[in-house]
Number of protein chains: 2
Amino acid sequence: MAQNNLPKGRPLDELDVQILQLLQRNARLTNREIALQLGLSVTPTYERIRRLERLGYIQGYVALLDPRRIGQALTVMATIRLKEHSREYLEQFVEQVQKLPEVMECYYVAGDFDYILKVAVSDMDAYQQFLVKKLAGLENIGQVQSHFIMMDIKKSTAYPLDALL
Amino acid sequence: MAQNNLPKGRPLDELDVQILQLLQRNARLTNREIALQLGLSVTPTYERIRRLERLGYIQGYVALLDPRRIGQALTVMATIRLKEHSREYLEQFVEQVQKLPEVMECYYVAGDFDYILKVAVSDMDAYQQFLVKKLAGLENIGQVQSHFIMMDIKKSTAYPLDALL
DNA sequence: GATGAAATTAAATTAAG
DNA sequence: CTTAATTTAATTTCATC
């Protein structure tokens, strides 16, 4: 009998983690290439990947674009404080911010402000428009602080999985 | 002469932008599926995608993982102020921070602090360790403020390309 | 020159042992 | 798990507009 069949609730084994590490960096590796690196054959590799997808470890596959090439050269981290923190206001804010295409990420955080937004726009002018016409237009917005990104020091979508090995 | 061959410096045409939008959301669409949505046949679709890759519009393809499933349930946005801003110190900080696997993103920003880091760890204890043993150990660190993410309101790797259409 | 149909090659997926 | 068969997609070729 096999002892490498991964039951639903169990932690991942080393081969699974290796697969995740590889696919986090390059999702276009073929099953054959991945199998080679794992020292497995193609079929078990293929089945492990499908299981990782099915169980939700892998949420999806995306293409990453170069923001400068597509005219989204300016990224801004905006911190927001709301005026009031009633449930109703919080839900309203969430709903509205999800609709704004310029907002790529939005996190509700603990600390001296309520939300952190990552906003992608073409230039300072577009950000100004975003701020005045969209963000400031939302109800219940208190202070907004804008932090313009001057340089990307590190930018990765890959989680560190070393701890799992 | 052709006017749909995309020279290096020229802006993208509408079909290119549509391709980028589709692949930003789902990189596993087949050429056939993309072609169908564009109203093209497979060959020109295929060639456009390869050109977008070659010219650097598409930087790569990655799998996105569910952080909770892989035991990276805690994400922290840390803002950092350095003590000194000499060229030497800045370069040293950059070099060291790039080596830390917990740091998924690091931006040099304008404003009342110098860097924003996105740090992924398993739990509060691991963050504590990271802070004390790694971040605080770097030379030249001034104040660090940690903002613990309570909820992901929106989280996307897709840039808004509506402006290009 | 770009296009789409068809041929080829390679990969994904399934089936059998 | 492995190997082999099958299906599907990627890639190339080519005749055509």
Side-chain angles (χ1 to χ4, degrees), chain A residues 1-66 69-70 158 164-165, chain B residues 1-66 158 164-165:
Chain A
M1 289 297 296
Q3 63 356 325
N4 55 353
N5 195 12
L6 188 72
K8 290 199 177 181
R10 302 286 173 73
L12 303 175
D13 72 11
E14 192 173 325
L15 293 171
D16 291 312
V17 175
Q18 284 182 43
I19 289 172
L20 293 176
Q21 283 185 318
L22 290 170
L23 289 177
Q24 276 200 118
R25 306 285 171 188
N26 180 8
R28 297 233 300 187
L29 291 169
T30 64
N31 292 333
R32 191 184 143 279
E33 290 170 314
I34 294 169
L36 195 68
Q37 297 205 46
L38 300 187
L40 281 180
S41 62
V42 174
T43 304
T45 302
Y46 166 74
E47 279 166 356
R48 278 170 181 269
I49 294 170
R50 285 216 54 200
R51 189 175 54 217
L52 291 168
E53 292 167 354
R54 185 162 30 83
L55 297 180
Y57 291 95
I58 296 173
Q59 292 192 314
Y61 300 89
V62 300
L64 298 180
L65 307 189
D66 181 342
R69 289 276 163 86
I70 54 172
L164 298 181
L165 288 177
Chain B
M1 290 298 292
Q3 67 347 333
N4 58 350
N5 193 12
L6 190 71
K8 292 199 176 181
R10 301 285 174 75
L12 304 174
D13 72 12
E14 192 172 326
L15 293 172
D16 292 312
V17 174
Q18 285 183 44
I19 289 171
L20 293 176
Q21 283 186 318
L22 290 170
L23 289 176
Q24 275 199 119
R25 307 285 172 186
N26 180 7
R28 296 233 300 188
L29 291 169
T30 64
N31 292 332
R32 191 184 142 280
E33 290 170 313
I34 295 169
L36 196 67
Q37 297 206 45
L38 299 187
L40 281 179
S41 66
V42 174
T43 304
T45 302
Y46 167 74
E47 279 167 356
R48 276 171 183 269
I49 293 170
R50 286 216 51 201
R51 187 175 56 215
L52 290 169
E53 292 168 354
R54 185 160 30 83
L55 297 181
Y57 291 95
I58 296 172
Q59 291 191 316
Y61 299 90
V62 301
L64 299 179
L65 307 189
D66 181 342
L164 298 180
L165 288 178

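In what follows, chains are A, B, ... by sequence order, proteins preceding strands, each numbered from 1. Since the structure is predicted, the reported quantities are computational estimates derived from the model, not experimental observations.
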To the nearest angstrom, how far is [X] atom [atom1] from [N] atom [atom2]?
X	N	atom1	atom2	answer
B/Asp16	C/dA2	CG	P	12 Å
A/Arg51	D/dC1	CZ	C1'	13 Å
A/Leu29	C/dA11	CG	P	12 Å
B/Glu47	D/dC14	CD	P	15 Å
B/Leu23	D/dA10	CG	C1'	14 Å
B/Leu36	D/dA9	CG	C1'	15 Å
B/Ile49	D/dA9	CD1	P	14 Å
B/Arg48	C/dG1	CZ	P	17 Å

Residues B/Glu53 and A/Arg28 bridged, charged N to O under 4.0 Å: yes
Sugar-phosphate only, base, or nothing, as touched by B/Thr43 at under 4.0 Å among non-hydrogen atoms: base
Polar side-chain atom of A/Gln24 near backbone of A/Gln21 as donor-acceptor pair, under 3.5 Å: no
Check: B/Ile34 main-chain N/O paired with B/Gln37 side-chain donor or acceptor under 3.5 Å: no
N or O in side chain of B/Arg32 less than 4.0 angstrom from D/dT11 OP1/OP2: no
C/dA11 phosphate, OP1 or OP2, under 4.0 Å from A/Asn31 side-chain N/O: no
Matching residue for A/Val62 among B/Leu23, B/Leu64, B/Asn26 - test: side chain to side chain contact (heavy atoms under 4.5 Å, CB included): B/Leu64
Among [options], which nucleotide sits nearest the side chain of [X]?
X	options	result
A/Pro44	D/dT11, C/dA11, D/dT2	D/dT2
B/Thr30	D/dA9, C/dT13, D/dC1	D/dA9
A/Tyr46	C/dT14, D/dT2, C/dT3	C/dT14

Of A/Thr45 and A/Arg28, the one whose closest DNA chain D nucleotide lies more 5': A/Thr45
Inter-residue atom distance A/Leu164.CG - A/Asp13.CG, 0.5 Å rounding: 11.0 Å
